[in-house]
Amino acid sequence: MFGSFGKKSSGVLGLDISSSSVKLLELSKQGDRFRVESYAVEPLPANAVVEKNITDVEAVGDAIKRVVSKSRSGVKQVAVAVSGSAVITKVIQMDGGINEFEMEDQIALEADQYIPYPLDEVAIDFEVQGPSEANPDKVDVLIAACRKENVDVRQDALNIAGLTTKVVDVEAYALERAYQLIESQLNSHGDDLVVAIMDVGATMATLSVIAEGKTVYTREQVFGGKQLTEEIQRRYGLSLEEAGLAKKQGGLPDDYEAEVLNPFREAVVQQVARAMQFFFGASQYNSVDYVVLAGGTSAIPGLVDMVEEKTGTPTLVANPFADMAVSSRVNASALSNDAPSLMIACGLAMRSFD
């Protein structure tokens, strides 16, 4: 089951399994307005997930169990995501007159042309994008394929926690969905914006570029906030856990900002600038209208100004909840602090309203 794109679903939890934590979000909707019904974050043991691959299913399943209990949500159906690097996507043209079942049969017959893995090892899904510009009698169809093991291991972890997998999405598409909530915060409204979203997590940094509301580029690199935690640990002789707490809560020696935090901030800025250079080199674009910082690392004070100065581009920190109502059982200030790292969880939770 790779129920990625566009399947109808009712009431799903968005669950983002990253390399350092499991993030859960449940949304409801009244009219056009979303409301956060429940949310929680639970840290993962070291190396349970390595570069977005689950290596310890039991540990991840137990963390999911804890995050659900913490959130007090009663929803049992879940939307999860696989990372972009685990997915092959391709747009093909198909006859516009056939129905979805006929399309499915045809794609199954021809899939080995597009997929470099044995077909019994992959999960495939597709979504009709609309009439083809090249040929009005055809439609563009987006095919996505992912190795079954990437899907199965997520289902196994959810099963341990007593949950059902309703949707397996792709991180880039979840991010694109959550971006709709950010778009209204940008000063220049317009459908032709090109926006670079730099999501810096604990161990991975992902640049996604969205043009006219669609993802046109995505690239992952190994870099993240864990490097700052490890430097704090090394320099001040703390355990990894103590270093992580000190990073969030403060109370480190006076030389921390100059000696540790500043060099790390500069490293983040370099990563953003370098990722954008790769994008410009690989595409027809040579500028973007906005940079949006996401992920836990984006909360570091002063980072927005440094990125803006280095790239010459207006920069802001992602907050998909800016215009949402919040349930009384949700800790609003904790939600606000975690907002930049909840973009993928938010995009997954929005699958309830497809």
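Quantities reported herein were computed from a predicted structural model and do not represent experimental measurements.
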**Student:** For the CD atom on Gln113, are there more than 12 heavy atoms of other groups (residues, nucleotides or ligands in this structure) within a distance under 6.0 Å?
**Tutor:** yes

**Student:** Are Val216 and Leu186 connected in a single hydrophobic cluster, I mean Ile/Leu/Val/Met/Phe/Trp/Tyr linked by side-chain heavy atoms less than 4.5 Å apart?
**Tutor:**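 No; tracing contacts between hydrophobic side chains, which count when under 4.5 Å, never links both residues.
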
**Student:** Output the distance between atom CD (Glu231) and atom CD (Gln233), rounded to the nearest 0.5 Å.
**Tutor:**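 Glu231 atom CD to Gln233 atom CD measures 10.0 Å (nearest 0.5 Å).
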
**Student:** Any chain of hydrophobic side-chain contacts (each under 4.5 Å) joining Ile92 to Val139?
**Tutor:**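 Looking at the clustering, Val139 is in the same group as Ile92.
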
**Student:** Ring of Tyr114, cation from Lys90 - is the NZ or CZ under 6.0 Å from the centre and inside 45° of the axis?
**Tutor:** no

**Student:** Tell me yes or no: between the side chains of Glu220 and Thr206, is some donor less than 3.5 Å from an acceptor?
**Tutor:**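 Looking only at side-chain atoms, Thr206 and Glu220 do not form any donor-acceptor pair under 3.5 Å.
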
**Student:** Using only heavy-atom distances, determine whether the side chains of Lys76 and Thr164 contain a donor-acceptor pair under 3.5 Å.
**Tutor:**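 Absent: no donor and acceptor within the cut-off.
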
**Student:** Transitively linked via ILVMFWY side-chain contacts under 4.5 Å: Ile344 with Leu207?
**Tutor:** no

**Student:** Measure across Ser132 and Gln93 and return the closest heavy-atom pair with its distance rounded to 0.1 Å.
**Tutor:** OG-CG, 3.6 Å

**Student:** Can you run down the side chain to side chain donor-acceptor pair (under 3.5 Å) pairs that involve residues 257-266, sequence neighbours left out, and say none if there aren't any?
**Tutor:** Glu257-Arg265, Asn262-Arg265

**Student:** Answer yes if Ile182 and Leu303 sit in the same cluster of Ile, Leu, Val, Met, Phe, Trp and Tyr residues linked by side chain heavy atoms under 4.5 Å apart, and no otherwise.
**Tutor:**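 Shared cluster, no.
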
**Student:** List the steps, then state whether side chain to side chain donor-acceptor pair (under 3.5 Å) holds for Asn53 with Thr55.
**Tutor:** CA-CA 6 Å; Asn53 294 311; Thr55 52; over 6 Å; no

**Student:** Are more than 12 heavy atoms from other residues, nucleotides or ligands located less than 6.0 Å from atom CG of Asn99?
**Tutor:** yes

**Student:** What's in the same ILVMFWY side-chain cluster as Val222, cut-off under 4.5 Å, chained through other members?
**Tutor:**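 Its cluster partners, ordered by chain and number, are Met204.
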
**Student:** Between Ser38 and Ser71, is there a side-chain donor-acceptor contact under 3.5 Å, judged purely by atom types and distance?
**Tutor:** no

**Student:** With sequence neighbours excluded, give me every salt bridge (Lys or Arg N to Asp or Glu O under 4.0 Å) pair touching residues 331-342.
**Tutor:**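 Pairs touching residues 331-342 that pass the test: none.
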
**Student:** What pair of heavy atoms forms the shortest contact from Leu181 to Met350, and how long is it?
**Tutor:** CD1-SD, 3.8 Å

**Student:** Calculate, to the nearest 0.5 Å, the distance between atoms CG and CG belonging to Leu24 and Asp16 respectively.
**Tutor:**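 Rounded to the nearest 0.5 Å, the CG-CG separation comes to 10.5 Å.
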
**Student:** Does Thr215 offer a backbone N or O that forms a donor-acceptor pair with the side chain of Tyr179 under 3.5 Å?
**Tutor:** no

**Student:** Do side-chain atoms of Lys52 reach the backbone of Ser85 as a donor and acceptor pair under 3.5 angstrom?
**Tutor:**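 No; judged by distance alone, with no hydrogens or angles, the pair does not exist.
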
**Student:** With side chains defined as the heavy atoms from C-beta onward, is the minimum distance between Ile197 and Tyr290 less than 4.5 Å?
**Tutor:**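 The answer is no; the side chains never approach within 4.5 Å.
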
**Student:** Please report the shortest heavy-atom distance between Val82 and Asn150, naming the atom on each side.
**Tutor:** CG1-O, 4.0 Å

**Student:** Kindly give the heavy-atom pair with the smallest separation between Lys138 and Asp95, and that separation in Å.
**Tutor:** CD-N, 4.0 Å

**Student:** What are the two closest heavy atoms between Met306 and Val269, and how far apart are they?
**Tutor:** CB-CG2, 3.7 Å

**Student:** Can you list every pair that meets salt bridge (Lys or Arg N to Asp or Glu O under 4.0 Å) and has a residue in residues 307-332, with sequence neighbours left out?
**Tutor:** Glu26-Arg329

**Student:** Side chains of Gln129 and Glu127 only: does a donor on one sit below 3.5 Å from an acceptor on the other?
**Tutor:** yes

**Student:** Checking Arg35 side chain against Met324 main chain: does a donor-acceptor pair fall under 3.5 Å?
**Tutor:**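 Here the side-chain-to-backbone pair does not exist.
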
**Student:** May I ask you to check whether Phe353 and Phe34 place their ring centers less than 6.0 Å from one another?
**Tutor:** yes

**Student:** I'd like to know if the side chain of Ser184 reaches the main chain of Gln180, judged simply by a donor and an acceptor atom lying under 3.5 Å from each other, with no hydrogens or angles considered.
**Tutor:**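 Flag not set: sc Ser184 to bb Gln180 has no pair under 3.5 Å.
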
**Student:** Does a salt bridge link Arg234 with Glu230, judged by any charged N lying under 4.0 Å from a carboxylate O?
**Tutor:**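 No, Arg234 and Glu230 are not salt-bridged.
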
**Student:** Grab the two heavy atoms, one from Ala59 and one from Ala48, that are nearest each other, plus how far apart they are.
**Tutor:**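 That closest heavy-atom pairing would be CB-CB, 4.1 Å.
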
**Student:** When you group the ILVMFWY residues by side-chain heavy-atom contacts below 4.5 Å and let the links chain together, are Leu316 and Val304 in the same group?
**Tutor:**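 As far as the 4.5 Å side-chain criterion goes, Leu316 and Val304 are not connected within one cluster.
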
**Student:** So, using salt bridge (Lys or Arg N to Asp or Glu O under 4.0 Å) as the criterion, who are the partners of Glu242 when residues are at least two apart?
**Tutor:** none

**Student:** Does Glu121 come within less than 4.0 Å of Lys148, counting only side-chain N to carboxylate O?
**Tutor:** no

**Student:** Tell me, please, which residues at least two apart from Tyr285 pass ring-ring contact (aromatic ring centres under 6.0 Å, His included).
**Tutor:** Phe279

**Student:** Does a donor on one side chain and an acceptor on the other come within less than 3.5 Å for Lys23 and Ser18?
**Tutor:**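 Lys23 vs Ser18: donor-acceptor pair found between side chains.
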
